[in-house]
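Each remark here refers to the structure printed beneath this line.
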Amino acid sequence: MTTHNKTQTQLIHAPRQAPQYIETIQPPLFRASTIIFKSTAHLFDRHWTDAYDYSYGTHGTPTTFTLGDNIAQIEGGRYCLLAPSGLSAINLVNSALLTSGDEVWVADNIYGPNLEHLNNLQDRYGITVKIYNPVDADSFQPTEKAKLIWLEAAGSVTLEFPDLKNLVKKAQQAKVLTALDNTWGAGLAFNAFDFSDEHLSVDITVHALTKYPSGGGDILMGSVVTRDQALHHTLFRMHAIQGIAISGDDAAQIQRSLAHMSLRYEQQAQNAQILLDWLKQQPQFSQVLHPSSPDAAGHSFWSEICTTGKSAGLVSVIFKAEYDLAAIRKFCDNLRLFKLGFSWGGPVSLVMLYDLKQIRTLENTHLQQGLLVRFCIGLEHPEDLIQDIQNALKQLE
Ligand SMILES: *Cc1c(COP(=O)(O)O)cnc(C)c1O
């Protein structure tokens, strides 16, 4: 006969419960798969549309809802769903809204993996993917099958700012839902849910929280924000049945970083502006791309919509045609402060090289031929970053 050892039970049922309420700077962190129901009444009286009636970890905890509510507020929306990455948030929108036979429109400069995802849906489910030129609203010609248009302001890599007004107006007339990848603007450069004198609004914003909200280059997350309750419920249902869930620890980390997101955004934008001015003087580049440049495609749309003059810290350059891939690789390999890597919004400046021929579908008369390098400006001193680029350029001579 063993003596009854209570230790194991005691270890599990700790005597001290968390206090109902103490005030701290950061909200408390909840980690949960199971959430304990107070009673069977609580269990049975829930309704799935009431997100805040906590039921299971995948559906959220106070930690994830706090972050979601913050993101919705920053972006000017009302409802927020969180996903484990920006791409997962994009996927949620596509899978919740598109069915066989539908047509979906994407900007030529859309975030590449979104297009890859849609092409995959096209092949397997008979969804038609059509590409439009973001600075030419006339290139968006929705048929009666059109369900969704993806917008991105400014677009990935080549940073053209779209004709958001006319694209959204055309979409509304054609009853096409508008989804904006809002990672670049981060809810800070403009309000996607109210961006013109006429109070135009997109239906959905998707944001890779991996970038500015995280700010550390170490956490992946994405959000889907809406204002319309019915649309939110459509997305929420898909979110639930797909088991899309995020870690409470990750949510708390991003929540913590939000406090200084706009300060970082502005500093990175300012540093990028300093680099932009310097890059424009360098003879090795045929084009320097940034929406604030008067000669940039979509510049007038940027000045009209980003009335605060804000931009993310991204600048791309196109090397003159005499620089071949070997030279561009050498340039990237010789950078010391700029690290070679995807993503942006963290403290460390990053560089990535692209071949325009491989990342664009349409003819783009506003882009020069050549290889493109994108700089993502971090929080280092801009003079040090300039020195770093200058050194790497010198080594090409
Ligand atoms: C990074 C990024 C994404 C995807 O975010 P992940 O969290 O890396 O999956 C989507 N859209 C844009 C514009 C991005 O820059």
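Note that ligands are numbered from 1 as they come in the structure, with each ligand's atoms numbered from 1 the same way. Atom set for the values below is all heavy atoms of this structure, side chains included, hydrogens, waters and symmetry mates excluded.
Listed by number with element, the atoms of ligand 1 under 4.0 Å from a non-hydrogen atom of E152 are 13 (C). Those atoms of ligand 1 with a heavy atom of L87 less than 4.0 angstrom away are 4 (C), 5 (O), 6 (P), 9 (O). Under a 4.0 Å criterion applied to the non-hydrogen atoms of T210, ligand 1 contributes the atoms 6 (P), 7 (O). Atoms of ligand 1 lying under 4.0 Å from at least one heavy atom of K211, given by number and element, are 1 (C), 2 (C), 3 (C), 14 (C), 15 (O). Below 4.0 Å from some heavy atom of W344 lie the following atoms of ligand 1, by number and element: 15 (O). Ligand-side atoms of ligand 1 in range of G86: 4 (C), 5 (O), 6 (P), 7 (O), 9 (O), range being under 4.0 angstrom from any heavy atom.
Taking CZ of R264 as the reference point, atom CG of L258 lies at 8.0 Å (rounded to 0.5 Å). Residue T64 holds its OG1 atom at 11.5 Å from CG of D250, rounded to the nearest 0.5 Å.
When each of Q273, Q268, Q267 is tested with N271 by the rule side chain to side chain donor-acceptor pair (under 3.5 Å), just one qualifies, namely Q267.
For the pair D181 and ligand 1, the shortest N or O to N or O distance falls below 3.5 Å.
Judged by distance alone, the side chains of K130 and T143 never bring a donor and an acceptor atom under 3.5 Å apart. Checking D181 against T183 by side-chain atom types alone, a donor-acceptor pair falls below 3.5 Å.
Aromatic pair F331/F319: centroids less than 6.0 angstrom apart.
With sequence neighbours left out, E160 forms a side-chain hydrogen bond (donor to acceptor under 3.5 Å, both in side chains) with N109, T158, H366.
When only non-hydrogen protein atoms are considered, atom 3 (C) of ligand 1 lies nearest to Y111 CZ, 3.3 Å.
Counting heavy atoms under 4.0 Å from ligand 1, residue F342 does not touch it at all.
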